[in-house]
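All remarks here apply to the structure that follows.
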2 protein chains.
Amino acid sequence: MHTGEGSSAHDPHRDIPEATVARLPVYLRALTSLAERNIASCSSEELATAAGVNSAKLRKDLSYLGSYGTRGVGYDVDYLSYQIAREIGVTHDWPVIIVGIGNLGQALANFSGFSSRGFRTVALLDAAEPMQGRTVAGIAVRPFADLAEIVTAEQVSIGVISVPAAAAQDVADAMVEAGISSILNFAPAVLNVPDGVDVRKVDLSIELQILAYHESRKAAEAEESVDDGSGEGVSA
Amino acid sequence: MHTGEGSSAHDPHRDIPEATVARLPVYLRALTSLAERNIASCSSEELATAAGVNSAKLRKDLSYLGSYGTRGVGYDVDYLSYQIAREIGVTHDWPVIIVGIGNLGQALANFSGFSSRGFRTVALLDAAEPMQGRTVAGIAVRPFADLAEIVTAEQVSIGVISVPAAAAQDVADAMVEAGISSILNFAPAVLNVPDGVDVRKVDLSIELQILAYHESRKAAEAEESVDDGSGEGVSA
DNA sequence: CCATGTGAAGGTTTTCACAGCT
DNA sequence: AGCTGTGAAAACCTTCACATGG
């Protein structure tokens with residue numbers, strides 16, 4: 001295990017904590033929103049509020065990228081936006097394919113936020129006969145069998161899976177085989193992928209169940225507090 | 001801050017860590033999948049594999065609920081399923097409303113996983129005139145103005161927001177006002193809610209950007225390793 | 001004998017609080 | 001004078017490794 005490939009201990013180019021990485025896109029969105037309101041600069045406090053975090057966390061997060069603020073003043077919105085976009089790697093667009101053009105796949109294909117935030121949907125794939133030849137969001141639906149060809153031709157490294165759970169692993173295998181190394185999985189299934197391939201999952205029922213857990217607790221607390229006035233709240 | 005409301009230090013009824021709560025639904029899904037394959041019992045190792053975590057973590061997580069396994073043997077699938085479902089609070093169904101019946105809202109309404117995992121969509125709401133009177137997934141779309149009435153009548157405490165970002169805060173305010181205390185937010189916007197209201201967010205472009213970050217790093221590493229043979233992989 | 005359940009160790013993340021720069 | 005950037009402390013989460021009990 002080597003230590004740093006020609007980067008001084010302090011230089012901003014290795015080892016951004018995962019928790020920070022997960023928040024950078026949120027900061028970027030907050031900055032975009034400030035820019036749209038013609039706000040040219042902001043304090044860590046203001047940006048933190050816009051991003052829904054506290055300012056100490058925001059400053060610590062930004063410190064991993066470098067020193068892009070001005071002490072006593074704050075941050076230049078455009079400059080910081082660019083630095084974060086560069087760190088994330090969305091200064092140029094990433095080609096993306098979506099496999100599984102059911103209700104969810106169609107919603108994803110139509111989702112404008114995809115294209116406006118550094119991603120370009122280059123193909124929609126579906127295995128079902130009836131989908132062939134249809135066009136969704138201006139993009140033709142192609143047979144699943146074309147996967148490898150498309151991935152190679154368009155240099156795709158990110159794939160979205162929106163097929164039913166039962167088909168998800170097969171799709172993931174085919175994606176990896178074709179050369180994709182990052183997968184966003186909407187199917188409620190655990191995917192096995194080799195090392196070097198990243199998977200992130202979005203699972204709607206899991207999110208609801210987490211809410212249900214806290215909701216149950218609130219109900220239980222309300223019952224208890226017949227003789228206990230304290231109302232503790234949970235929030236994210 | 002009090003400590004425990006009549007529960008002994010060891011009794012399974014307070015203080016399940018948030019990280020554990022977020023995994024319980026995953027375990028529940030893995031157990032359901034085992035049950036469907038007629039597997040009546042399993043070891044922590046097997047269940048952990050099915051859930052995509054390591055077995056130590058699984059055992060630690062389950063230990064917060066109580067001792068529902070048998071040493072030397074493993075876990076009874078049905079029994080553990082029930083215990084987890086009870087802990088989460090999904091032994092009975094939760095009524096849910098969806099506000100914003102665009103592409104995504106329609107996909108959510110049609111999503112069978114919602115109804116099969118402890119949730120029942122009791123109403124679809126949309127502010128747009130052209131949506132009124134339409135039916136999605138067998139449920140009539142109603143005007144947004146009916147929100148409070150529906151929440152009260154159906155005792156809804158969980159709401160899903162799938163409107164454009166610009167409208168999200170207003171919808172959240174109306175939900176809170178109507179009595180909803182848990183929100184699943186699909187709009188790419190930070191929501192301000194009072195204490196006691198839970199918000200979870202699902203943001204598609206954020207997930208993609210996190211993948212893009214790691215993808216950029218992989219590319220950078222590949223370039224570096226012209227004179228360095230080590231191939232470190234990242235995976236989730 | 002075997003797999004669970006769990007203290008204790010090791011990491012990571014968050015928060016604090018203030019030194020340092022503009 | 002004020003806000004950033006950051007060590008150090010506290011909180012939280014994961015992993016280890018083994019005592020415990022069926």
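Just so it is clear, the structure is predicted and the values come from calculations on it, not from any experiment. Reminder, nothing fancy here: chain letters follow the sequence lines and each chain counts from 1.
Checked against dC13(D), dT4(D), dG5(C), the side chain of S44(A) finds its nearest nucleotide in dT4(D). Across dC16(D), dT15(C), dT14(C), the shortest atom-to-atom separation from the side chain of A19(A) is found for dT14(C). Considering only side-chain atoms of S63(B), the nucleotide from dT6(C), dT4(C), dT14(D) that sits closest is dT6(C). With dC3(D), dT4(C), dC13(D) as the choices, the nucleotide that has an atom nearest any side-chain atom of E18(B) turns out to be dC13(D).
Side-chain N/O atoms of R71(B) and base N/O atoms of dT20(D) include a donor-acceptor pair closer than 3.5 Å.
The residue among T70(B) and T20(A) whose nearest nucleotide of DNA chain C is located toward the 5' end is T70(B). In this structure, G69(B) and P17(A) both approach DNA chain C, and ranking their closest nucleotides by distance from the 5' end singles out G69(B).
The separation between R59(A) atom CZ and dC18(C) atom C1' is 11 Å, rounded to whole Å. Taking atom NZ on K57(A) and atom C1' on dA9(D), their separation rounds to 17 Å, with Å as the unit. Atom OH of Y27(A) and atom P of dT4(D) are 13 Å apart (whole Å). One atom, CG of D76(A), and another, P of dT4(D), lie 13 Å apart when rounded to the nearest Å. The nearest whole Å value for the distance from the CG atom in L62(B) to the P atom in dT4(C) is 9 Å. Rounded to an integer number of Å, the gap from D61(A) CG to dT12(C) P is 16 Å. Protein atom OH of Y68(B) is 23 Å distant from nucleotide atom P of dA3(C), rounded to whole Å. Nucleotide dG10(C) holds its C1' atom 13 Å from the NZ atom of K60(B), rounded to whole Å.
Using the six-membered ring where Trp is involved, H92(B) and W94(B) have ring planes that are tilted, between 30° and 60° apart. A tilted orientation is assigned to the rings of F119(B) and F114(B), their planes being inclined by 30° to 60°.
Residues V197(B) and M175(B) fail the side-chain proximity criterion, which asks for heavy atoms closer than 4.5 Å.
Phosphate proximity of dT15(C) to N54(A): present, with a side-chain N or O under 4.0 Å from OP1 or OP2. For dG5(C), one of the phosphate oxygens OP1 or OP2 lies less than 4.0 angstrom from a side-chain nitrogen or oxygen of Y75(B).
Judged by distance alone, with hydrogens and angles left aside, the side-chain atoms of E46(A) form a donor-acceptor pair with the main-chain N or O of S43(A) at under 3.5 Å.
R217(A) and Y213(A) are linked by a side-chain donor-acceptor pair at a separation below 3.5 angstrom, with hydrogens and angles left out of the test.
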